[in-house]
Every structure is written in C-alpha cells, then in structure tokens.
Amino acid sequence: MISMDVVVSLCKRRGFVFQSSEIYGGTGSCWDYGPLGVELRNNIRRVWWRDFVQQRGDMVGLDASILMHPTVWKASGHVDNFSDPMVDCRECKRRFRADQVDELPWVHYCEATKGNKFVIPAGEACRHCGARRTLCPECGKGQLTEPRHFNLMFKTFMGPVEEDASVTYLRPETAQGIFVNFDNVLQSTRRKLPFGIAQIGKAFRNEITPGNFIFRTREFEQMEIEFFVNPHEMVDGRPADEHWHDRWIADCQAWFARYGLQPDHVKLHEHARDELAHYSKRTVDLLYQFPMGWSELMGIANRTDFDLKQHAKFSGKSLTWFDEERKEHVVPFVIEPSAGVDRALLAFLLDAYREEEVRGDKRVVLRFHPELAPVKIAVLPLLKKRPEIVATGQELRARLARKWVTIYDDTAAIGRLYRRQDEVGTPYCVTVDVKTVGDSEKGEAGDQRVTIRERDSMEQIRVPLAELDPVFDRLLRGTAWAEVTAGYPRAEG
Ligand code: GAP
C-alpha cells in the first residue's frame with residue numbers, strides 16, 4: 001500500500017486535487033478538484049447514478065436543496081444528537097474529541113529528567129518517570145476541560161437579518177432531503193414498495209478532526225439511497241427490511257469491486273449495539289484499507305421507520321404508503337446505502353496506483369477502470385515538426401473527442417508522453433507517425449494507420465484510422481484488449 005503523501009503529491013502535480021485557497025495558506029479541511037480530478041469525480045458519480053438509478057426499475061432520482069427548513073434538523077435528531085464530546089486545553093486552547101484524546105502522541109515535561117520535553121507515543125507511559133498523560137497532549141501544560149457537546153452542523157442565516165429566528169443549517173447529510181420529499185415522489189411517480197430514491201449532493205460537517213487528505217473534510221459529497229420497504233412483508237422467510245439490507249450490502253460491495261477495488265482491500269464491519277446511530281436497527285460499513293488503516297468507505301444502515309415517523313410528527317403530514325392488498329397505511333422501513341464521493345475517489349486512486357519497473361526504469365501507473373479514467377484516449381504525434389503529423393493528430397483528437405474525453409499532447413518525446421499518460425491512468429494512447437501520413441516531398445503515401453498502445457500491458461497494435469471508432473467503442477465498453485485486437489498486427493514499442 002502506498003503512503004498518503006505519495007498520493008497527495010501525485011494529485012497536486014498532475015492536477016487531480018489542490019488544497020483549497022492555497023495561495024492564502026490553504027484551509028486544512030477543504031480541497032479543490034483540478035482538471036483531472038473533476039473528470040474522475042464526474043465519472044464516479046455518473047457510473048453510480050447509471051448503475052443504481054437509471055438501470056434499475058425500482059429507483060428514482062432527486063436533487064433537493066442544501067438549505068432546508070430548520071425544523072427538518074430538529075425532527076431528524078441532528079440538533080440534539082449530531083454532536084461530539086469535546087475537551088479544550090485551558091492553556092493553548094486546542095480542542096480535541098474526548099474519545100480520541102488518548103489515541104494521540106502526547107507532549108510530556110518529565111520531572112525525573114529536569115523537566116526535559118518528550119513526545120510519547122499514544123497510550124504509552126513515560127519511560128523515565130512512569131507518568132501517564134493527564135494534561136493537553138499538544139502543549140503538555142494545560143488542564144483539559146470536562147467533555148462538552150459540540151454540534152457538527154454549520155449554522156447560517158436565511159434572509160437579510162441575522163437573528164435567532166432565521167437560523168438554519170447547511171445539510172450534514174443528503175438523506176433528509178429524500179425523507180421530506182417521500183410523499184411528493186410517491187404521488188408524482190405512483191411507486192409501489194419496495195422502491196428507492198437516490199441523490200448525489202454536497203454535505204457539510206464542522207468536523208473536529210478533519211484530515212487524511214480528502215478522507216474527512218468539512219465540505220464533501222454524498223451518494224445516498226433511501227430504499228423504502230414494507231416491514232410487514234416477508235421475503236424468502238425473512239422480514240423485507242432484513243432481506244433488502246443484506247442485498248444492498250452485497251450490491252455495494254460488488255459495485256466497488258466492479259470498478260477496481262481489490263476484494264481483499266475491502267471488508268465489512270458490523271456495528272456493535274453501542275456504536276449504532278440513534279435511528280438504526282443495524283448498520284454495516286464497508287471498510288477500505290486506507291494508508292492510515294482500515295476506515296469507513298461507506299455505510300449501509302437499516303434506519304427503520306424513524307425518519308418518516310419523525311417528519312410526520314413534526315410536520316403534521318402523513319408520510320405513509322397505502323397497501324392496496326391489505327387495505328392499510330404502512331410507514332415504510334428504510335435501507336440506506338450511503339457513500340462519500342470523495343472517499344470513493346480516494347480509494348479508487350489508492351487502489352489503482354502501481355509502481356513498476358520497465359526496462360530498468362520506474363513507471364508509475366494508475367490502473368483505473370476505463371469508465372473511471374479521467375482521460376480515455378491521448379493522441380500523441382511522434383514528430384511535432386512534421387505539419388502533416390500534427391494536423392492528422394489534431395483532427396483525430398477532435399473526431400474522438402465527440403465520443404470520449406481525448407487529449408492531444410506534443411510537449412515531449414514519445415517515451416515521456418507515454419509515462420505521463422500512464423501516471424494519470426489514460427487507458428489508450430494513439431500515436432501518429434511518419435508511416436501514417438507518408439512523405440509528400442518524396443511522393444510516398446501514408447498507410448493511414450496509427451498505433452494504439454494499451455496502458456497496462458503496454459502492447460501496441462496498428463489500426464487503420466477509419467477503424468478507430470469501432471475499436472474504441474468496444475474497448476471502452478469493456479471488451480477485452482486481446483479480443484478486440486486479435487485481428488490487427490502488433491507494433492513494436
Ligand atoms: N445519511 C447517513 C450518513 O450520512 P455517515 O456514515 O455519516 O452516514 C456516510 O456518512 C458516508 O459519507 C461515509 O461513509 C463517508 O463515505 C462520507 N462522509 C461522511 N463524513 C464525511 C466527511 N467529513 N468527509 C468526507 N466524507 C464523509
């Protein structure tokens with residue numbers, strides 16, 4: 001597994017992710033997606049939406065607003081429960097999560113060594129005096145306050161007057177936008193249970209300890225599904241909510257594997273009773289082996305009928321589905337697969353990263369799934385001083401770009417151009433050379449063929465210009481390289 005520093009540096013160097021407001025010293029908890037990052041991010045969102053919304057008959061989409069009626073957050077429990085216990089240092093004023101303070105290395109001024117300063121690993125005692133941490137782990141001097149609850153929602157004001165009556169919040173999850181629209185969607189689409197509503201959108205949390213690059217940030221994006229099921233129904237001898245919960249766990253695991261996460265880098269974590277959120281009957285997380293250790297990639301919760309009942313209670317509106325067969329109103333149970341776009345992007349990046357040795361040189365390659373790769377095809381001229389080669393290359397780029405993200409690059413020698421594309425995960429390079437265009441001065445006609453190079457095997461084939469579209473159609477839809485290229489001559493690298 002590569003270190004986070006290597007990925008952070010690649011992301012900045014190649015334009016995937018930049019620190020937000022960097023020229024002002026940056027913010028510790030927000031990140032900006034650069035030219036390649038925005039493509040990668042869009043691709044993740046696109047395949048998720050296609051696979052989980054458009055290709056399923058039991059799902060519809062929604063795009064709710066970020067600012068909602070403040071009572072939403074009272075009803076959902078976020079005003080009362082969405083908080084972490086915090087302790088503050090009375091000396092340096094640093095703030096820590098009470099439950100994480102013992103997981104930090106701590107500064108100690110040891111009396112047994114005339115007050116020398118030591119930084120002691122988390123959870124360990126001083127080797128010289130045997131003391132354990134009681135003071136601030138950061139400055140080693142201040143007493144910590146008793147734990148106090150700190151709400152993670154960002155407060156803001158709706159309208160021109162900053163007063164208590166106009167306080168509202170930036171949504172800390174997209175889920176509530178779905179619950180409050182449950183009846184709108186039901187009435188407008190005439191759905192029957194089970195069915196789901198999906199949404200992708202920004203969420204904001206004033207995290208106390210953001211960090212690990214884009215893993216935990218204060219502004220992030222979620223891809224959430226609320227899947228409504230009839231709790232009175234049995235499926236294969238089990239209550240429908242339990243059946244669907246297991247199905248969604250398996251579907252989410254399969255989705256991450258399909259787009260490239262190695263199965264042994266992902267595992268399930270069943271929440272213990274004392275870990276469960278206030279709304280949950282059962283929650284299972286998919287953990288990914290990030291460089292800092294196994295950490296949550298996404299969660300799949302059985303939220304029961306908690307949210308719909310709460311919103312019905314606070315709004316006074318009925319949020320039920322009418323079961324025509326049993327002639328009864330049902331408050332559906334909800335299965336909620338909830339993933340972060342940024343966390344998924346980080347996992348896909350880490351999993352795709354390889355360092356390989358090729359003919360004595362190091363090659364860095366991102367083995368992205370072709371659907372996720374930010375650039376699908378790079379058109380590279382072998383000689384940029386030959387106008388026919390450049391013109392053919394640029395024409396080709398414009399033609400391929402109508403269907404796939406295609407770039408043209410002539411800013412270095414071919415070997416270096418290939419390495420640059422490998423490093424950003426471009427699955428195919430197309431090289432235009434002298435043989436393609438011929439030599440008009442010598443009266444030699446070109447063969448109108450170009451070389452396609454595949455990123456992972458570095459194999460090359462020679463393909464007529466006229467056949468590029470159907471070849472890439474098949475390759476980029478997932479047909480194996482060996483199958484598509486069987487009929488074409490190999491080219492030497
Ligand atoms: N609606 C349920 C919910 O929001 P969550 O476990 O708090 O549950 C779901 O968040 C997912 O959103 C997480 O698994 C993670 O992928 C992403 N996420 C949550 N907080 C995040 C943060 N501060 N930064 C980046 N991603 C975050």
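The model shown is predicted, which means the values in this text are computed figures rather than measured ones.
V7 places a side-chain heavy atom less than 4.5 Å from the side chain of L350. With contacts defined as side-chain heavy-atom distances shorter than 4.5 Å, the pair R420/T411 qualifies. At a threshold of 4.5 Å between non-hydrogen side-chain atoms, the residues V229 and P332 do not count as touching. Taking the side chain as every heavy atom from C-beta outward, T156 and L170 approach each other to under 4.5 Å. Side-chain contact between L476 and I377 is present, with at least one heavy-atom pair separated by less than 4.5 Å. Annotation: side chain of Y33 is in contact with side chain of I214 (closest heavy-atom distance under 4.5 Å). In this structure, F290 and N212 have side chains that are not in contact, with every pair of non-hydrogen atoms separated by 4.5 Å or more. Residues V334 and D305 fail the side-chain proximity criterion, which asks for heavy atoms closer than 4.5 Å.
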Side chain to side chain contact (heavy atoms under 4.5 Å, CB included) between C136 and L144, intermediate numbers included: CA-CA 6 Å; C136 169; L144 296 177; 4.0 Å; yes
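Cation-pi contact between R218 and F154: absent, since separation from the ring centre below 6.0 Å together with deviation from the ring axis within 45° is not met. Judged by the 6.0 Å and 45° rule, R343 forms no cation-pi pair with F220.
Between the side chains of Q176 and H311, a donor-acceptor pair is found at a separation under 3.5 Å. With no hydrogens or angles considered, a side-chain donor-acceptor pair links D351 and Y288 at under 3.5 Å. In summary, the side chains of S318 and T320 do present a donor paired with an acceptor at a separation below 3.5 Å, with no hydrogens or angles considered. No hydrogens or angles considered: nothing links the side chains of S3 and D5 as a donor-acceptor pair under 3.5 Å.
For W31 and F18, the ring centers are positioned 6.0 Å apart or more. Ring to ring, F195 and F227 are not that close: their centroids are 6.0 angstrom or more apart. Ring pair F256/F348: centre-to-centre distance below 6.0 Å. Checked against the 6.0 Å centroid threshold, H271 and H269 count as a close aromatic pair. The ring of Y428 has its center closer than 6.0 angstrom to the ring center of F472. The aromatic ring centres of W255 and Y259 sit less than 6.0 Å apart.
The salt bridge (Lys or Arg N to Asp or Glu O under 4.0 Å) pairs that include a residue from residues 166-186 are E173-R303, where partners are two or more places apart or lie in different chains. Sorted by first and then second residue, the side chain to side chain donor-acceptor pair (under 3.5 Å) pairs involving residues 66-77 (not counting sequence neighbours) are H69-T71, K74-D80, S76-H78. Pairs engaging residues 255-268 under the salt bridge (Lys or Arg N to Asp or Glu O under 4.0 Å) rule: D51-R258 [sequence neighbours left out].
Remark: side-chain polar atoms of K309 are not paired, donor with acceptor, to backbone N or O of F306 under 3.5 angstrom. For E224 (side chain) and I200 (main-chain N/O), no donor-acceptor pair under 3.5 Å exists by modelled atom type. Within the 3.5 Å criterion, the main-chain N or O of L135 finds a donor-acceptor partner in the side chain of R133. No side-chain donor-acceptor contact under 3.5 Å links T479 to the backbone of L475. Of the possible donor and acceptor atoms, one in the side chain of E454 sits under 3.5 Å from a partner among the backbone N and O of S457. E226 places no side-chain N or O within donor-acceptor distance of the main-chain N or O of I178, the cut-off being under 3.5 Å. Put simply, the side chain of S20 never gets that close to the backbone of S29: no donor and acceptor are under 3.5 Å apart.
R50 has a carboxylate O that lies under 4.0 Å from a charged side-chain N of E371, or vice versa, which qualifies the two as a salt bridge. Using a 4.0 Å cut-off between charged side-chain N and carboxylate O, R282 and E242 make no salt bridge. Between D456 and R354 there is no salt bridge, since no side-chain N of the basic residue sits under 4.0 Å from a carboxylate O of the acidic one. A salt bridge is absent between D236 and R247: the closest approach of a Lys/Arg side-chain nitrogen to an acidic carboxylate oxygen does not fall below 4.0 angstrom. Classification of R94 and D88 as a salt-bridged pair fails, no side-chain N sitting under 4.0 Å from a carboxylate O. A salt bridge does not link R205 to E219: none of the charged side-chain nitrogens sits closer than 4.0 Å to a carboxylate oxygen. Using a cut-off of 4.0 Å between Lys/Arg side-chain N and Asp/Glu carboxylate O, R41 and E221 are scored as salt-bridged. Looking at D58 and R191, no side-chain N of the basic residue comes within less than 4.0 Å of a carboxylate O on the acidic one, giving no salt bridge. For the pair R455 and D422, the salt-bridge criterion is not met [side-chain N within less than 4.0 Å of a carboxylate O]. Looking at E39 and K376, no side-chain N of the basic residue comes within less than 4.0 Å of a carboxylate O on the acidic one, giving no salt bridge. Note on E423 versus R14: salt bridge recorded, some NZ/NE/NH1/NH2 to OD/OE distance being below 4.0 Å.
A 6.0 Å sphere centred on CZ of R477 holds no more than 12 heavy atoms belonging to other residues, nucleotides or ligands. Residue-environment remark: NZ (K202) exceeds the threshold of 12 foreign heavy atoms within 6.0 Å.
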